[in-house]
**Student:** 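What follows is a structure written as structure tokens; I'll ask about it next.
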Amino acid sequence: MIALETRPQSWELREPFATARDCLTHVQVLQVELTGRGGARGRAEAAGVDYSGETPASMAAQLAGIQARLHDELTGEELLELLPAGGARNALDCALWDLRAKETGVSAAATAGFQVLHPVTTAFTIGLGSESDTRRRARAAEQALGVELIEQPVARAQDESLDGLAAGVPLAADESCTDRRSLQALAGRYQYINIKLDKCGGLTEALALRTEALRRGFGLMVGNMCGSSLAMAPAFLIAQQCRYVDLDGPLLQRLDYSPAIRFEHGLMHAPRRELWG
């Protein structure tokens, strides 16, 4: 039997982060730790999908409901049947990937088909604010001018309004893209999808979503729902094949795990295995 432990965690942000939905001073996440045979431990972190009503408490309740069904041979594919897409499955799935890596000595990257992990360039998110404040943050971040991609220009339920639109800039589906089942409705309306592990429910589904999206001709972006280096580490594997990477969550926080993922002038390096995988 795999032992499961959940812990809520609050990460303080460097400064308030405003979005179209709210203004955050802290990021509330759920940490999950699994203990397997021989005492090996795997861990992960999920923020959940806030606009779907997920909270650390709701995710912990979901996991408590299936705790008795966690067994020593559990696989990520089984989790797709145990839990719906969302933060709870993400935390459990990524902790399982870490656990298997610690048990076998084979890295999560190698298991996922990546023999070498390359640094990637990540976007840096600037929250909503006054014009003067936004200009200040942009200057501090030294961003180049120009628009390359527009994310989710319409609400989730209004994707059909994009039919026939000849956009001069590629469009990326964010909230409208959850897991593989959402791709059919996005075809012809979006050119890219934004894969977020909290939305699709873990690395196992994210890898499958990546493969199916490429087969259908979509370009790839990987994003995050905020969180620490532990939350970004599994997504770094997906970033290896993405044109656009937005995994800047740790840069918005005052504190992080140790060893943290290393960021240098927008360049994001591979997580150390002591952290995850």
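Heavy atoms only: backbone and side chains are in, while hydrogens, waters and symmetry mates are out.
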**Student:** Take L207 and I238 through the side-chain contact (heavy atoms from CB on, under 4.5 Å) test and state the conclusion after the steps.
**Tutor:** CA-CA 7 Å; L207 290 167; I238 300 298; 3.6 Å; yes
**Student:** Any side-chain heavy atom of L209 sitting closer than 4.5 Å to one from L183?
**Tutor:**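 Yes, their side chains come closer than 4.5 Å.
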**Student:** Rounded to the nearest 0.5 Å, how far apart are CZ of F263 and CG of L251?
**Tutor:**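 If I round to the nearest 0.5 Å, the distance is 4.5 Å.
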**Student:** Dump the intermediate steps for side-chain contact (heavy atoms from CB on, under 4.5 Å) on E45 and W11, then the final yes or no.
**Tutor:** CA-CA 12 Å; E45 175 187 292; W11 295 109; 3.1 Å; yes
**Student:** Under 3.5 Å, is there a donor-acceptor pair between the side chain of S182 and the main chain of C177?
**Tutor:**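 No, S182 side chain to C177 backbone: no donor-acceptor pair under 3.5 Å.
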**Student:** Roughly how far, to the nearest 0.5 Å, is the CG atom of L80 from the CD atom of E78?
**Tutor:**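 So the CD of E78 and the CG of L80 are separated by 10.0 Å.
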**Student:** After noting the C-alpha distance and the side-chain angles of L252 and R14, does the key distance pass the side-chain contact (heavy atoms from CB on, under 4.5 Å) rule?
**Tutor:** CA-CA 6 Å; L252 307 179; R14 293 181 182 275; 6.0 Å; no
**Student:** Would you indicate whether the side-chain heavy atoms of E12 and T25 approach each other to under 4.5 Å?
**Tutor:** no
**Student:** Using the rule given for side-chain hydrogen bond (donor to acceptor under 3.5 Å, both in side chains), can you reason through Y257 versus Q31, listing the C-alpha separation, both sets of side-chain angles and the distance that settles it, and then say yes or no?
**Tutor:** CA-CA 12 Å; Y257 279 98; Q31 299 171 351; 2.6 Å; yes
**Student:** Apply the test salt bridge (Lys or Arg N to Asp or Glu O under 4.0 Å) to residues K199 and E205: give CA-CA distance (whole Å), side-chain angles for both, the deciding distance (0.1 Å), then the verdict.
**Tutor:** CA-CA 10 Å; K199 289 190 303 177; E205 176 61 26; over 6 Å; no
**Student:** Do L13 and Q253 have side chains that approach each other closer than 4.5 Å (heavy atoms only, starting at C-beta)?
**Tutor:** yes
**Student:** Can you name the nearest heavy-atom pair linking P170 to L149, along with the distance?
**Tutor:**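 Where P170 meets L149 most closely, the heavy atoms are O-CD1, 3.5 Å.
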**Student:** Backbone N or O of P8 within a donor-acceptor pair of the Q28 side chain at under 3.5 Å?
**Tutor:**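 The answer is no, because no donor-acceptor pair under 3.5 Å joins these two groups.
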**Student:** Would you give the length of the straight line joining atom NE2 of H26 to atom CZ of R254, rounded to the nearest 0.5 angstrom?
**Tutor:**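 The distance works out to 9.0 Å.
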**Student:** Under 3.5 Å, side chain of D198 to main-chain N/O of M225, donor-acceptor pair present?
**Tutor:** no
**Student:** Does atom CD (E274) have a neighbourhood of more than 12 heavy atoms from anything else shown, all under 6.0 Å?
**Tutor:**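 Counting neighbours around CD of E274, more than 12 heavy atoms of other residues, nucleotides or ligands fall under 6.0 Å, so yes.
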**Student:** So, for S228 and P250, which heavy atoms are closest and what is the spacing to 0.1 Å?
**Tutor:** C-CG, 3.7 Å
**Student:** Are K196 and E175 within salt-bridge range, i.e. N to O under 4.0 Å?
**Tutor:**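 Not counted as a salt bridge, because no side-chain N and carboxylate O are separated by less than 4.0 Å.
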**Student:** Restricting to non-hydrogen atoms, name the atom on L74 and the atom on R100 that form the minimum distance, rounded to 0.1 Å.
**Tutor:**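 It is O-NH2, 2.8 Å.
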**Student:** Any side-chain heavy-atom pair from I2 and D72 closer than 4.5 angstrom?
**Tutor:** yes
**Student:** Does some side-chain heavy atom of V32 sit less than 4.5 Å from a side-chain heavy atom of L63?
**Tutor:**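 Yes, close enough: below the 4.5 Å cut-off.
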**Student:** What I'd like to find out is whether the side chain of I66 reaches to under 4.5 Å of the side chain of L92, using heavy atoms alone.
**Tutor:** yes
**Student:** Please name the pair of heavy atoms, one in W276 and one in C94, separated by the smallest distance, quoted to 0.1 Å.
**Tutor:** NE1-O, 2.9 Å
**Student:** Honestly curious: do V27 and I261 fall in one hydrophobic cluster under the side-chain, below-4.5 Å linking rule?
**Tutor:**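 In one cluster: yes.
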**Student:** Quick check: does any side chain N or O of S176 sit under 3.5 Å from a backbone N or O of A173, one acting as donor and the other as acceptor?
**Tutor:**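 Pair absent, no side-chain N/O of S176 close to backbone of A173.
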**Student:** Strictly below 4.0 Å, N to O, side chains only: are R181 and D179 in salt-bridge contact?
**Tutor:**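 Yes, charged N to carboxylate O under 4.0 Å.
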**Student:** Kindly say whether H118 contributes a backbone atom to a donor-acceptor pair with the side chain of Q240 at under 3.5 angstrom?
**Tutor:** yes
**Student:** Are L214 and L197 in one and the same hydrophobic cluster, where Ile, Leu, Val, Met, Phe, Trp and Tyr link if side-chain heavy atoms are under 4.5 Å apart?
**Tutor:**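 In one cluster: yes.
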**Student:** If hydrophobic clusters are built by linking Ile, Leu, Val, Met, Phe, Trp and Tyr wherever their side-chain heavy atoms come under 4.5 Å apart, do Y190 and I195 end up in the same one?
**Tutor:** yes
**Student:** Strictly distance-based, threshold 3.5 Å: is any side-chain N or O of T122 a donor or acceptor partner for the main-chain N or O of L247?
**Tutor:**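 The answer is yes, because a donor-acceptor pair under 3.5 Å joins these two groups.
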**Student:** Does R43 use its side chain to pair, donor to acceptor, with the backbone of A95 at less than 3.5 Å?
**Tutor:** no
**Student:** Between CD of E33 and CZ of R7, what distance do you get to the nearest 0.5 Å?
**Tutor:**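 These two atoms lie 5.0 Å from each other.
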**Student:** Can you check whether C200's main-chain N or O pairs, donor with acceptor, with R89's side chain at less than 3.5 Å?
**Tutor:**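 A pair under 3.5 Å: yes.
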**Student:** Take atom CD of E160 as the centre, draw a 6.0 Å sphere, and report whether it contains more than 12 heavy atoms from other residues, nucleotides or ligands.
**Tutor:**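 Atom CD in E160 is packed in, count exceeds 12.
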**Student:** For the atom pair CG (L34) and OG1 (T6), what is the distance rounded to the nearest 0.5 Å?
**Tutor:** 10.5 Å
**Student:** Do you know the tightest heavy-atom contact between F114 and L237?
**Tutor:**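 For F114 and L237, the tightest heavy-atom pair comes out as CZ-O, 3.4 Å.
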**Student:** Counting only heavy atoms from other residues, nucleotides and ligands, does the tally under 6.0 Å from CZ of R273 exceed 12?
**Tutor:**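 Enclosed.
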**Student:** Tell me, do H269 and P119 make a side-chain contact under 4.5 Å, heavy atoms counted?
**Tutor:**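 Sidechains of P119 and H269: in contact.
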**Student:** When rounded to the nearest 0.5 angstrom, what distance separates CZ in R210 from CG in L203?
**Tutor:** 9.0 Å
**Student:** What is the minimum heavy-atom distance between M268 and F236, and which atoms define it?
**Tutor:** O-CE1, 3.5 Å
**Student:** Are V49 and I193 linked, directly or through other ILVMFWY residues, by side chains that come within less than 4.5 angstrom of each other?
**Tutor:** no
**Student:** Using a 4.5 Å cut-off on heavy atoms from C-beta on, say whether the side chain of T211 contacts that of R215.
**Tutor:** no
**Student:** Should F17 and L255 be counted in the same cluster of Ile, Leu, Val, Met, Phe, Trp and Tyr side chains packed under 4.5 Å apart?
**Tutor:**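 Same hydrophobic cluster.
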**Student:** Applying the side chain to side chain contact (heavy atoms under 4.5 Å, CB included) criterion to P153, which one of D174, D159, L171 satisfies it?
**Tutor:** L171
